[in-house]
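Below is one structure, written out as structure tokens; comments come after it.
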Amino acid sequence: MREHLENIKTLAKADIQATCSEAELESVRIKYLGKKGLLTGILRGMGQLSAEERPVIGALANTVREEVDNYIEERSRLLKKMELQDKLITEKLDVTLPANKKSLGRLHPITQIENRMKEIFLGMGFEIVEGPEVESSYNNFDALNAPADHPSRDYQDTFYITPSTLLRTQTSPVQIRAMQDREPPIRIISPGRVYRCDEMDATHSPMFHQVEGLVIDKNITMGDLKGTLAHFAKSLFGKSTQTRFRPHNFPFTEPSAEVDVSCFVCGGSGCRLCKGEGWIEILGAGMVHPNVLSGCGIDPEIYSGFAFGVGIERVVMRKYNIDNMRLLFENDLRFLQQF
Ligand code: DAH
């Protein structure tokens, strides 16, 4: 029996040393120490031994079991170490390789220019106010001094939701809301989307963006309007930019003007961008019409003000020399990634 136990120990040791993985080691453990294992069998058969033999063989069997246990543990530690070393060799990481490029998104050029415009006006003490895109025809036309038969309603035809509700054709109705809600002094800009029944072509889109401006206070003059827009143009297009006011007509301002900036490519001498003019038109402006003021409950004898409206797409196109407005709405990354 003693010999048998010694044999089992030797065999177990050899088996354990031959294992190459934790799984193999586990099956060796089961072979010797499992429920039906060789050593377990012997310990179970102790009852058949004589009273003298039993304690001696029992003690020996226990020692053998402990030793086999120890071999297994030792082997397990060694296998783990080998596995780690293996990993360290095969999963080598070259930290000098160039990293995968993470591509960050960017703001659309329309949003970039809109943000720049907001910054410029915030710097001059303006507040940003937004209005709804679904607007009453009263705020969009009548309150802006364009009654039902006014010709400007033709070229600003739009999408009607009901006969008295429409998609706004301009950001100017936000002026009306501001004057109805607030007491002068008022100094706001209002950026947003506007809509017109226009076919999409190189210079038109049924949806585009404007930034409206409105200032109402005592003693506001055309000089304030000119100074404000001159500062705006210099901030947006460069310090040497000049502004020019040309007489125009808008129902809600009197007098009204279209405002040009000196061409920021040629500086005014004439080039392809400004079509030889030296000037580029960027916005409409004027002194708020007394009818508009009184319609909103502001006394035109006490207060005066100016307003202006800039088309953002037009500025983006002029600034970056883009000749087709469609490019701004197609969202082709090859185009957008240039900004
Ligand atoms: N609403 C005008 C348009 O869409 C732009 C404009 C012109 C706005 C003059 C103004 C203004 O406030 O004073 O064509």
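Any value given below was found using the heavy atoms of this structure, including those in side chains, with hydrogens, waters and symmetry copies removed. We count ligands from 1, going down the list as the structure has it; atoms in each ligand are counted the same way. Note that this is a predicted model, so its numbers are computed, not measured.
For the residue pair Thr169 and Gln156, a side-chain donor N or O sits within less than 3.5 Å of a side-chain acceptor on the partner. A donor and an acceptor atom, one from each side chain of His4 and Asn7, are nowhere located under 3.5 Å apart.
Thr111 is not listed as a side-chain neighbour of Glu114, based on a closest heavy-atom distance of 4.5 Å or more. Within the 4.5 Å cutoff, the side chain of Gln180 has heavy atoms near those of the Ile176 side chain.
Between Phe121 and Phe308, the ring centre distance stays below 6.0 Å.
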What short N/O contacts, under 3.5 Å, does ligand 1 make with the protein, listed by atom pair and distance?
from     : atom 1 : to     : atom 2 : distance (Å)
ligand 1 : 1 (N)  : Gln170 : OE1    : 2.7
ligand 1 : 1 (N)  : Ser172 : OG     : 3.0
ligand 1 : 4 (O)  : Arg196 : NH2    : 2.8
ligand 1 : 4 (O)  : Gln210 : NE2    : 2.9
ligand 1 : 12 (O) : Gln175 : NE2    : 3.0
ligand 1 : 12 (O) : Glu212 : OE2    : 2.5
ligand 1 : 12 (O) : Phe308 : N      : 3.4
ligand 1 : 12 (O) : Phe308 : O      : 3.4
ligand 1 : 13 (O) : Ala307 : O      : 3.1

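Judged as a side chain to side chain contact (heavy atoms under 4.5 Å, CB included), and not counting sequence neighbours, Glu83 has no contacts.
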